Amino acid sequence: YAQHGYKLPRTSREQYKVGRPVSKSELQPGDLLFYGSSAASIHHVTMYIGNGMIVHASDYGIPVLSAPMAKGGSDFFAAKRPIG
């Protein structure tokens, strides 16, 4: 995002406050997927990269990796498109 002149907040809960909601059927590469039982409990964010795949850091100290969407977590809450 920074390469395109857009600054995202640092935390997943703050990131959830920006952009517009999108449904799973409308996902495009670059959309952010949020996990938690409510907006107040969001604890993880991933980035959709297309073809049912995401990139994310699953835990502190673990390198960023690509994985199927299901690996983001079982408590998918919402998706947002921060730009566009």
Side-chain angles (χ1 to χ4, degrees):
Y1 291 100
Q3 290 177 347
H4 295 281
Y6 190 82
K7 182 176 169 143
L8 282 176
R10 189 186 70 77
T11 68
S12 56
R13 288 183 193 160
E14 290 297 314
Q15 290 171 3
Y16 177 74
K17 295 177 183 178
V18 300
R20 70 175 181 86
V22 293
S23 69
K24 276 187 173 181
S25 64
E26 298 176 313
L27 291 176
Q28 294 180 4
D31 289 344
L32 300 179
L33 284 60
F34 297 90
Y35 299 83
S37 59
S38 68
S41 69
I42 289 171
H43 60 86
H44 189 53
V45 62
T46 68
M47 182 187 295
Y48 186 70
I49 58 173
N51 298 320
M53 300 290 288
I54 58 169
V55 292
H56 74 126
S58 59
D59 204 351
Y60 180 78
I62 297 184
V64 172
L65 54 88
S66 60
M69 281 178 57
K71 296 290 185 179
S74 61
D75 58 348
F76 172 81
F77 177 68
K80 291 276 192 102
R81 185 160 302 145
I83 300 173

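Everything numeric here is computed off the predicted structure, so don't read it as measured data.
Residue Y48 shares its hydrophobic cluster (ILVMFWY side chains chained together at separations under 4.5 Å) with V22, L27, L33, Y35, I54, M69, F76.
In terms of hydrophobic clustering, with Ile, Leu, Val, Met, Phe, Trp and Tyr side chains grouped at heavy-atom distances under 4.5 Å, L65 and V55 are assigned to different clusters. Both V64 and V45 are members of a single hydrophobic cluster when ILVMFWY side chains are connected at heavy-atom separations under 4.5 Å. In terms of hydrophobic clustering, with Ile, Leu, Val, Met, Phe, Trp and Tyr side chains grouped at heavy-atom distances under 4.5 Å, V18 and I83 are assigned to a common cluster.
Applying the salt bridge (Lys or Arg N to Asp or Glu O under 4.0 Å) definition to pairs two or more places apart or across chains, those involving residues 25-52 are D31-R81. The side chain to side chain donor-acceptor pair (under 3.5 Å) pairs that include a residue from residues 67-80 are H43-D75, where partners are two or more places apart or lie in different chains. Sorted by first then second residue, the ring-ring contact (aromatic ring centres under 6.0 Å, His included) pairs that include residues 51-72, not counting sequence neighbours, are H44-H56.
When all heavy atoms of G30 and P82 are compared, the closest pair comes out as O-CD, 4.0 Å.
Residues passing the side-chain contact (heavy atoms from CB on, under 4.5 Å) test with S37 are S41, sequence neighbours excluded. Residues that satisfy the side-chain contact (heavy atoms from CB on, under 4.5 Å) test with I42, not counting sequence neighbours, are S12, R13, Y16, F34, F77. Not counting sequence neighbours, the partners of K17 by the salt bridge (charged side-chain N to carboxylate O under 4.0 Å, His left out) test are E14.
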